[in-house]
Structure formats: C-alpha cells, structure tokens
**Q** 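Okay, handing you the structure first.
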Amino acid sequence: MANMSKIKSPMPTQEPFVRNKNFSEVALGYTEEMAISEAQRCLNRKNMPCVGGCPVKIHIPAFIAEVAKGNFEEAYKIISLQTSLPAVCGRVCPQENQCEGKCVRGIKGESVAIGRLERFVADYHNANSTEKATLPRQNGHKVAVIGSGPAGLSCASDLAKMGYKVTVFEALHLAGGVLMYGIPEFRLPKSIVSKEIEGLKVLGVDVCVNTVVGRTVSIDELMDEEGYEAVFIGTGAGLPKFMNIPGENLKGVYSANEFLTRINLMKAYLENSDTPVQRAKRVAVVGGGNVAMDAARCAKRLGADVYVVYRRGMEELPARHEEVEHAIEEGIVFKTLTNPVEIIGYCNCENKRDEKNGTVCGIKCVEMELGEPDASGRRRPIEKENSEFTLEVDSVIMALGTTPNPLIKDTTSGLDTQKWGGICADAEGRTSREGVFAGGDAVTGAATVILAMGAGKTAAASIDEYIKSKK
Amino acid sequence: MYEIVNKKILNPTVTLMEISAPKVAKKAEPGQFIILRTDENGERIPLTVADFDREKGTVTIIFQVVGGTTEKLNHMEIGEALHDFVGPLGRATHTEGLKKVAIVGGGVGCAIAYPVAKKLHSLGCEVHSVVGFRNNDLVILKDEFDAVSDKVVLMTDDGSAGEKGLVTDALKALIESGEKYDEVITIGPLVMMKFVCALTKKYEIKTVASMNPIMIDGTGMCGGCRLSVGGKTVFACVDGPEFDGHLIDFDEAISRSDMYRGFERKKHEDTCNLFKKGDKLNG
C-alpha cells in the first residue's frame with residue numbers, strides 16, 4: 001500500500017550542538033521500519049524518471065520495491081548490479097540534482113528519499129550479510145588503474161568482476177583518494193571506505209599504495225615493461241587553487257586540501273595524533289562549495305568560531321543544500337557577498353623573535369553586490385565601493401577548487417591534455433594514447449563522487465572492448 | 001613494509017639508515033626526496049635522498065633527531081621495518097653541462113649535498129665542497145666528501161675541526177682567490193642558505209638552494225610546502241625542492257618552517273619520556 005505522505009521520512013541525526021563537537025557521523029541512518037515506510041512512498045512509475053537522473057543507472061524503483069517488501073538483501077543485489085560503492089553514494093551523492101530531482105513525488109511535495117534508502121540497504125548488507133564474494137574466473141589480462149578514488153575503485157571493481165587482473169596504484173599510504181583524505185569522517189566514516197576496498201581485494205584486485213605514477217613508475221614502464229595491456233587514469237583533481245592575494249603564505253593559511261588531509265587522512269583531530277593541525281580560535285573558510293562546508297564543519301569541531309566567506313549570495317552557494325543547512329545548524333556564520341582582498345599577519349616589529357610573527361591575525365574583505373549573469377549563468381559579483389572591513393581571524397582556509405595534477409601529463413608520452421590540465425578523453429574514456437583510458441576529475445575537473453564512478457564504469461567497459469578487440 | 005638493512009650513528013643527533021625500497025632505489029636521483037612513516041599512526045615526513053644502490057635496491061636516508069617522529073625513527077633498529085616509504089619525489093638536481101661547482105653544505109644538510117657532489121664528480125665536473133658544522137663532534141661524511149671532491153674546506157663554528165668560521169667565510173675566500181664557479185649548490189639550514197645566496201648574488205654566481213619545508217603528501221596536493229620564488233608561489237614538492245637561491249624569499253620560508261614548533265617540541269618530549277619509561281620497564 002502506498003504511503004502518501006508529502007514529506008520524506010526524516011533522517012535521524014545527532015543534535016547540532018552535540019555533533020559540532022565530535023567527528024562521529026551526523027546522520028544516523030533509517031531503521032528497518034523507517035526504510036519500509038519510506039520505500040512505500042515510491043509510485044513505481046513505468047517510465048522511471050529517477051533512473052534517468054542516476055549517473056550509473058541504478059534500477060531504483062526495483063530496489064525500492066524490494067525494500068518496501070522487507071527484502072533488503074534482494075534490494076542490495078539490484079543496487080550492486082550498477083554500483084560497487086552504495087554505502088558511499090547513499091551518503092555523498094547530490095541526489096537532489098540527480099535521481100531525487102526527477103522523482104514524480106517531488107512535484108507535489110518531497111521526492112522519495114532514494115539516497116537514504118540506498119544507504120540503508122548498503123549498511124544493512126554490510127552489517128548482516130554473511131555471503132562471501134569469490135574470486136571471479138580470471139581471463140589472464142592485466143590492467144593498471146592509477147588512483148584509488150571513486151573513479152579508480154569503480155573501474156577496478158568492474159574489470160575485476162569481468163576477470164581482469166587489476167592493480168590499483170595509489171600515491172598515498174591509504175587507498176580511497178578523496179573518500180579518505182577529503183570527505184570528513186562525520187559525513188563518510190572511513191571504516192565504510194576501508195570495507196569497500198577490502199571487498200575489491202577479495203575480487204583479486206591488488207592495491208599498491210605508496211606508488212606515485214610518474215615518479216616511482218611511469219605509464220610507459222607499466223605498459224612496455226610490466227605487461228599491463230591497458231591503463232586507466234583516475235588521478236582526480238588534486239592541486240589546490242589559491243587567490244593570489246597578499247598574505248596567503250602566512251602561517252595559519254591552509255588550502256582546504258591540506259586542512260582536510262591533516263584531519264581526515266592523518267587524524268590530526270585525535271588528541272594523540274603525530275600530525276599537528278592548528279587549533280584556531282576564529283577561522284575564515286573562503287569558498288562556497290561542498291569542500292568549503294567540510295572544512296568549515298571540521299574547523300568548528302576543533303573548537304573554532306567559523307565564518308564561511310563567499311563572494312556571491314546564499315542562493316548561489318554551490319554546496320549541496322543539505323550541507324549548508326547542517327553547517328548553519330552547527331553554528332557556522334555565513335558571510336556572503338564578501339570577497340577577501342588581503343590576509344593580514346601579526347608583526348611585533350620590536351621583537352623579531354616573537355613566535356606569533358608571521359601568523360594570521362585577520363582577513364581584509366570587501367562587500368559585493370550581484371550584477372548581470374556571467375558565462376556560468378550566475379550573477380556576477382561586483383565590488384561595492386568603500387566597503388572594506390576586516391574580520392579578525394587566526395586561520396584562513398582556502399576552498400576555491402582544485403585542478404588536475406600535471407605529474408602524469410608531464411611523464412607520459414602521447415597523452416593530450418586541455419589547456420587547464422585536464423586529460424583529453426572521449427565519452428567512452430579513451431585518451432589520445434592507445435590503451436590508455438581516463439575518467440573522473442582528472443578529465444572533467446573537480447566534480448562529484450558519482451560522476452567519477454560513472455566515468456570509471458564507462459572506461460571499464462571500453463577497456464574490456466579494447467582488450468577483446470586486440471585478440 | 002620497508003626493512004632497515006643498515007643503521008649507523010653519525011653523531012649524537014644524526015643517524016644514517018639504509019632502507020630496502022627497490023622501486024624507489026631504481027628511480028632515485030640526487031636532489032630528490034622520499035616521504036616515510038614509521039608506523040601505522042605515524043606522521044608523514046619528507047627526507048632528501050642521501051644515497052641509493054640500485055642493485056641492492058636500497059635508499060639511504062640521513063636524519064637529525066628534531067621531533068617526535070625522528071625520535072621514534074632513531075629508536076628503530078636493523079631488521080625492523082618502516083610502515084611507509086614513498087618516492088622518489090620532486091625534481092632531480094640539474095647537473096648537466098656543469099664544469100666547476102661549489103657545494104656548500106651545513107650540518108645535516110651535508111647528507112643531502114653529498115650525493116649531488118658524488119654525481120657531479122662522476123660526470124667529470126670539478127667539485128669544491130665547503131662543509132660546515134657547529135663543532136668536531138658533529139662532523140659527518142668527511143671521508144665521503146674527500147672521495148668525490150677536488151677540494152674540501154671543513155669549517156666549524158668553534159674551530160675544533162678544520163677552520164674556524166662560517167661556510168660563507170670559506171666560500172668568499174675561494175671566490176676572492178679567483179675560483180670561477182658555474183654554479184653554487186647550497187643545502188643546509190635556511191639561515192645559512194640565505195647568507196650563502198646573499199653572498200653569491202654579490203658575485204653574480206648562479207646559486208641553487210635545496211628547500212625542505214613542511215609538507216604532507218609530497219605530490220602537489222596539500223600546498224603546505226609553498227614558497228615564494230621570484231614573487232610567485234611555488235610548491236617545493238613538485239616544482240622543487242631546488243630553486244634559484246637568488247629568488248627565494250628566505251624570510252618567509254624561515255617563518256613558515258616554525259609553524260608547528262610548539263607541537264613538535266612537546267611531541268619530542270612526550271616521545272622521549274615514552275622511551276625512557278620503556279627502558280625502565282625493560283631494564
């Protein structure tokens with residue numbers, strides 16, 4: 001029987017002023033009853049608009065129908081036909097712009113909570129399944145996957161299931177890419193990512209950490225000397241951008257990448273961590289995307305008063321609505337229509353040995369107003385005259401986006417790249433070099449986990465086709 | 001895991017370790033660096049490659065005990081293994097076409113200067129090494145430098161070995177005596193490199209300085225290692241670690257290098273106390 005409630009079953013969460021002091025997961029997940037009740041809101045329309053909104057084309061109404069019947073393992077099987085990372089996607093996908101954005105129930109009320117249901121099913125499976133994955137029949141072909149983020153993991157998973165011998169190369173000491181170093185524990189517990197990676201190993205995938213392709217080994221060597229027949233580049237967009245304003249090299253200015261890596265990968269939030277991170281009193285996070293929200297919420301959890309400084313308005317924030325809402329609930333202050341022009345450093349000119357010299361003591365900003373829409377379709381921010389003011393802060397985190405790392409480009413012959421550094425690849429993931437495929441942020445520039453996963457899947461199919469056609 | 005196959009105490013605070021890391025050894029070149037972690041919860045620290053043996057598959061590191069991680073590392077013995085060891089990172093020293101070079105090393109920086117001297121020597125370049133230490137007890141790699149240099153000038157602050165004075169005094173004397181260098185390569189404490197660069201700028205001798213700022217990933221991702229060179233921000237890990245010494249903003253680099261000094265001091269003390277406690281229990 002259909003549940004005709006106009007609103008989604010609410011997600012149980014930690015209370016804002018409890019969670020803003022810990023790093024445990026914010027959203028606690030549906031109970032079985034909540035999941036069944038929410039699943040009954042799905043009208044199971046034949047034309048399945050939601051599936052069209054999903055970058056990896058999960059059979060959404062089919063899995064939801066199984067949830068409604070309480071067949072959670074069946075639901076899991078349907079989801080896993082299309083994705084190898086449901087516990088991750090259920091948490092971090094921007095469903096509002098994808099599946100849920102197309103949901104018919106969204107026309108008069110709220111859409112079905114597809115993301116929450118996906119998460120429920122994945123968590124249920126992880127907690128209850130005793131089924132062990134088995135090593136697929138091997139076809140004897142070797143493929144190298146560079147980067148162990150969402151693109152690389154999904155590509156590796158699909159190839160392994162087809163019987164390829166896959167080796168994933170990761171530069172850091174832990175696999176997972178942005179899922180490990182970027183997205184905080186309170187949004188995506190690291191145990192979930194580790195579990196997904198352990199699952200890959202059962203499929204026969206070798207994960208080779210501490211290997212910087214382009215330095216430790218090159219793509220040319222992998223193909224010419226080590227016998228890999230194809231290579232997938234899923235190296236993401238890891239290079240942080242800065243504003244190039246005065247004071248950016250003061251002590252206390254971090255790229256969001258550095259700040260988040262210290263916290264997420266190196267666990268600097270733990271009291272006994274060997275890796276330090278500044279325990280600032282007042283922090284300005286510059287930028288308005290999901291990474292800015294993550295950085296702001298981490299800084300809050302380390303005990304700081306936090307401002308998000310963004311040059312456009314609340315409406316234009318590129319971050320997911322849910323992230324912005326969570327940040328506001330947790331007490332983060334939004335300084336929108338505000339643009340930094342300089343970071344100010346402390347200087348005790350009388351005592352050159354004062355340890356505070358060269359540390360951040362403020363950020364000078366100007367107020368902005370919105371003008372005509374620019375090329376991106378968003379209204380262009382224009383500086384208001386004589387509106388300069390200074391926010392007193394002792395740390396600034398730059399969350400302005402990232403660009404692809406040039407290391408692979410610089411060390412691989414015959415690989416074409418865009419002017420801005422992205423690797424040129426067609427819709428099937430083929431690059432200008434035979435046998436070399438690419439996808440995810442390394443091709444598109446910074447985007448989402450699910451788009452990267454989709455690109456990894458597409459490339460896996462192309463690699464399969466390529467290797468078969470060679471025979 | 002990366003086994004420690006050799007360990008040598010070079011002086012009371014400086015230790016040499018040879019680490020089994022065949023992939024890194026295969027590619028390493030002088031001037032490049034590695035990043036290591038001692039254990040599963042360890043910090044990532046960058047260390048410049050001090051030597052490598054492609055056949056044995058080993059990389060040599062030389063480090064000074066300055067904080068918690070180097071203290072832990074110093075307590076590890078032959079047969080134990082490092083949890084992580086990644087590299088080689090950064091760009092190799094540019095050695096092509098150099099005919100006559102002065103290498104100016106200070107303290108533990110000499111450990112990094114040595115492979116550069118060795119490589120230049122093997123390429124037929126005339127190498128003058130100026131190496132400085134606080135006193136005789138801290139002198140390292142003297143014989144090694146002798147073997148790969150056409151001239152070695154040893155300096156100590158107190159005159160307990162070699163000549164008394166600073167490396168800049170020695171370098172100045174060499175230049176004044178008419179030695180003409182294609183390039184000066186300097187590796188050591190930031191303050192020393194700053195003054196070496198100020199000196200060579202006066203004489204208009206191209207100078208390369210090897211930087212070792214705080215960093216995490218070593219692949220360009222964190223941006224923590226940024227420096228101002230010629231008014232532009234660069235990342236030491238991917239754009240360096242060597243830069244034109246006349247363009248580096250050393251004052252900024254010096255300031256940035258002590259960002260976590262308080263934390264480091266405390267970690268070092270805590271780690272020392274932990275080892276002392278362990279010794280008592282075992283003893």
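We name chains A, B, ... by the order of the sequence lines, and we start the count at 1 in each one.
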**Q** Got a sec: does the CZ of A/Phe242 have more than 12 other heavy atoms crowding it under 6.0 Å?
**A** yes
**Q** So, does A/Lys267 use its side chain to make a donor-acceptor pair with the main chain of B/Asn41 at under 3.5 Å?
**A** no
**Q** Grab the two heavy atoms, one from A/Asn249 and one from B/Arg256, that are nearest each other, plus how far apart they are.
**A** O-NH1, 2.8 Å
**Q** Please find the pair of heavy atoms, one from B/Cys222 and one from A/Ser255, that lie closest to each other, and give the distance.
**A** O-OG, 2.6 Å
**Q** Is any side-chain heavy atom of A/Cys208 closer than 4.5 Å to a side-chain heavy atom of B/Lys23?
**A** yes
**Q** If you define the side chain from C-beta out and look only at heavy atoms, does anything of B/Lys27 sit under 4.5 Å from A/Val212?
**A** no
**Q** Is it the case that the side chain of B/Lys267 and the backbone of A/Ser273 share a donor-acceptor pair, with hydrogens and angles ignored and the cut-off at 3.5 Å?
**A** yes
**Q** Apply side chain to side chain contact (heavy atoms under 4.5 Å, CB included) to residues A/Arg215 and B/Thr219 and explain how you reach the verdict.
**A** CA-CA 10 Å; A/Arg215 287 275 183 258; B/Thr219 65; over 6 Å; no
**Q** From A/Tyr181 OH over to B/Asp217 CG, what is the distance, rounded to the nearest 0.5 angstrom?
**A** 8.5 Å
**Q** Between CD of A/Glu221 and NZ of B/Lys26, what distance do you get to the nearest 0.5 Å?
**A** 5.0 Å
**Q** Heavy atoms only: give me the nearest A/Thr211-B/Val86 pair and the separation to one decimal.
**A** N-CG2, 4.3 Å
**Q** Which heavy atom of B/Ser255 sits nearest a heavy atom of A/Gly358, and at what distance?
**A** OG-CA, 4.0 Å
**Q** If you measure from the Lys or Arg side-chain nitrogens to the Asp or Glu carboxylate oxygens, is any gap between B/Arg265 and A/Glu355 under 4.0 Å?
**A** yes
**Q** Does CD belonging to B/Glu55 count more than 12 external heavy atoms closer than 6.0 Å?
**A** no
**Q** Step by step, work out the side chain to side chain contact (heavy atoms under 4.5 Å, CB included) result for B/Arg44 and A/His173.
**A** CA-CA 9 Å; B/Arg44 293 172 68 95; A/His173 56 263; 2.8 Å; yes
**Q** Let me know if A/Asn357 has heavy atoms under 4.5 Å from chain B in its side chain, its backbone, both or neither.
**A** backbone
**Q** Would you call B/Lys72-A/Asp274 a salt bridge at under 4.0 Å N-O?
**A** yes
**Q** Rounded at 0.5 Å granularity, tell me how far CD in B/Glu43 sits from CZ in A/Arg262.
**A** 8.0 Å
**Q** How long is the span from the OG1 atom in A/Thr235 to the CE atom in B/Met221, to the nearest 0.5 Å?
**A** 13.0 Å
**Q** When you measure from the side chain of A/Asn210 to the backbone N and O of B/Asp84, does any donor-acceptor pair fall under 3.5 Å?
**A** no
**Q** I need the A/Thr275 OG1 to B/Ile216 CD1 distance, nearest 0.5 Å.
**A** 7.0 Å
